[in-house]
Amino acid sequence: MARKKQFDYFGNLEQMAQYSAESAQLLLDLIRDYSTEKFNDKSEEIHRLEGHGDRISKEIMTELYDAFITPIDREDIVMITNHLDDILDELNATTYLFENLLVYTIRPNTDKFLQLVVTATADVVQATKEFAKFKHSKALKGYIEQVNKTESEADKLYSSLVKDLFANEKDPIEIIKWRDIYNHLEKITDACEAAADIIEGLVIKNS
């Protein structure tokens, strides 16, 4: 009887992170060349990536039920899986927010905020990749620190954009729309930081 191929937990976690990075880049590209028609069409690609991430998450959970031995504790794998899934969910939800709020024009520096999201998700990919070899990795700590640094930059930009919104926007509907959008973009960078912090904690636990 053929032996079942060992499930690659770390590889699948990295793939989930990669889907987030791809989604973030797609979202940035759409914002830089924004139109409602193009956004609604192209956002389907982000929905598709989120669906791929959900399938990987389910595969990981299924494997955990059946596995006799896992590379780290089961609850640790569940924890990092859920945090990576949170990033994908927040990115996907942002597309629906633009659609449901009927956003027709993009406010200044929205692309700058999304560039920080792209940077944070890319560093989460690298941190997740290095996590597979955490006992010997010399680069992992740097990627985690970079995610934290990017999240701090996003916090500062968020505060600046919200202040400008309330100081200069006269249309109360636009204020409501963009307050929600800024809040959601901040949630993405917060989710990236949370994932990076979980990885850091698991490295300490398993070292």
Side-chain angles (χ1 to χ4, degrees), residues 12-36 38-54 56-57 80-81 83-99 101 103 105-131 139-162 164-165 178 180-200:
N12 279 281
L13 292 172
E14 182 187 340
Q15 185 60 68
M16 287 184 70
Q18 184 61 46
Y19 287 146
S20 292
E22 291 175 20
S23 297
Q25 186 61 58
L26 282 169
L27 193 53
L28 174 59
D29 292 343
L30 287 169
I31 293 303
R32 283 177 168 167
D33 185 24
Y34 187 80
S35 73
T36 54
K38 183 184 295 184
F39 188 93
N40 293 342
D41 288 341
K42 292 294 184 179
S43 62
E44 288 298 323
E45 296 180 36
I46 297 174
H47 304 332
R48 178 177 56 81
L49 290 169
E50 194 270 341
H52 291 336
D54 279 346
I56 290 179
S57 177
I80 185 59
T81 300
H83 276 79
L84 292 173
D85 190 50
D86 286 345
I87 302 172
L88 265 172
D89 286 346
E90 295 295 351
L91 281 158
N92 191 47
T94 302
T95 65
Y96 288 113
L97 196 62
F98 274 90
E99 294 171 24
L101 294 179
V103 174
T105 58
I106 301 299
R107 289 184 65 84
N109 291 318
T110 304
D111 61 333
K112 186 176 179 181
F113 207 148
L114 272 163
Q115 181 59 65
L116 292 173
V117 171
V118 168
T119 299
T121 54
D123 284 325
V124 169
V125 171
Q126 294 301 321
T128 307
K129 182 177 182 178
E130 291 294 318
F131 185 45
L140 178 55
K141 183 176 176 61
Y143 288 123
I144 292 171
E145 290 174 349
Q146 184 59 46
V147 175
N148 293 332
K149 178 182 176 182
T150 300
E151 193 277 336
S152 295
E153 291 179 25
D155 279 349
K156 292 176 183 177
L157 181 58
Y158 167 80
S159 296
S160 173
L161 293 177
V162 170
D164 178 74
L165 177 66
W178 282 93
D180 288 352
I181 290 170
Y182 293 150
N183 285 343
H184 220 87
L185 293 177
E186 187 189 31
K187 283 183 180 180
I188 302 172
T189 54
D190 286 347
C192 289
E193 182 181 46
D197 288 347
I198 286 295
I199 291 173
E200 183 176 37

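Residues take their numbers from the sequence shown, with the count starting at 1. Basis for what follows: all heavy atoms, side chains included, without hydrogens, waters or symmetry-related copies.
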So, taking the atom named [atom1] in [X] and the one named [atom2] in [Y], what distance separates them when rounded to the nearest 0.5 Å?
{"X": "S43", "Y": "L97", "atom1": "OG", "atom2": "CG", "result": "12.0 Å"}
{"X": "F98", "Y": "I181", "atom1": "CZ", "atom2": "CD1", "result": "4.0 Å"}
{"X": "L28", "Y": "F113", "atom1": "CG", "atom2": "CZ", "result": "13.0 Å"}
{"X": "L27", "Y": "L30", "atom1": "CG", "atom2": "CG", "result": "6.5 Å"}
{"X": "I198", "Y": "I144", "atom1": "CD1", "atom2": "CD1", "result": "10.5 Å"}

Taken in chain and number order and not counting sequence neighbours, the residues that satisfy side-chain hydrogen bond (donor to acceptor under 3.5 Å, both in side chains) with T94 are none
Hits for side-chain hydrogen bond (donor to acceptor under 3.5 Å, both in side chains) against N92, two or more places apart or cross-chain, chain-then-number order -> H47
Taking every non-hydrogen atom, the tightest pair across [X] and [Y]:
{"X": "G53", "Y": "M16", "value": "O-CE, 3.9 Å"}
{"X": "I80", "Y": "A195", "value": "CD1-O, 3.8 Å"}
{"X": "N148", "Y": "E193", "value": "OD1-CG, 3.1 Å"}
{"X": "T81", "Y": "S57", "value": "CG2-OG, 3.6 Å"}
{"X": "C192", "Y": "I87", "value": "CA-CD1, 3.8 Å"}
{"X": "T128", "Y": "A17", "value": "OG1-CB, 3.8 Å"}

Residue set satisfying ring pair (Phe, Tyr, Trp, His ring centres under 6.0 Å) with H184, at least two apart, ordered chain then number -> none
So the side-chain hydrogen bond (donor to acceptor under 3.5 Å, both in side chains) pairs with at least one residue in residues 24-36 (sequence neighbours excluded) are Q25-D29, R32-Q115, D33-K38
Hits for salt bridge (Lys or Arg N to Asp or Glu O under 4.0 Å) against E130, two or more places apart or cross-chain, chain-then-number order -> K133
So salt bridge (charged side-chain N to carboxylate O under 4.0 Å, His left out) across residues 140-150, not counting sequence neighbours, yields K141-E145
Salt bridge (charged side-chain N to carboxylate O under 4.0 Å, His left out) pairs touching residues 42-54, sequence neighbours excluded, are K42-E45
Using a 4.5 Å cut-off on heavy atoms from C-beta on, say whether the side chain of [Y] contacts that of [X].
{"X": "L84", "Y": "Y19", "value": "no"}
{"X": "Q18", "Y": "E22", "value": "yes"}
{"X": "I106", "Y": "D111", "value": "no"}
{"X": "W178", "Y": "V162", "value": "no"}

For [X], give me all partners under side-chain contact (heavy atoms from CB on, under 4.5 Å), at least two apart in sequence or on another chain.
{"X": "N40", "result": "E99"}
{"X": "Q126", "result": "K129, Y143"}
{"X": "A24", "result": "L91, V117, V118, T121"}

Side-chain donor-acceptor pairs under 3.5 Å in residues 153-161, sequence neighbours left out?
from	atom 1	to	atom 2	distance (Å)
Y158	OH	N183	OD1	2.4
S159	OG	D155	O	3.2

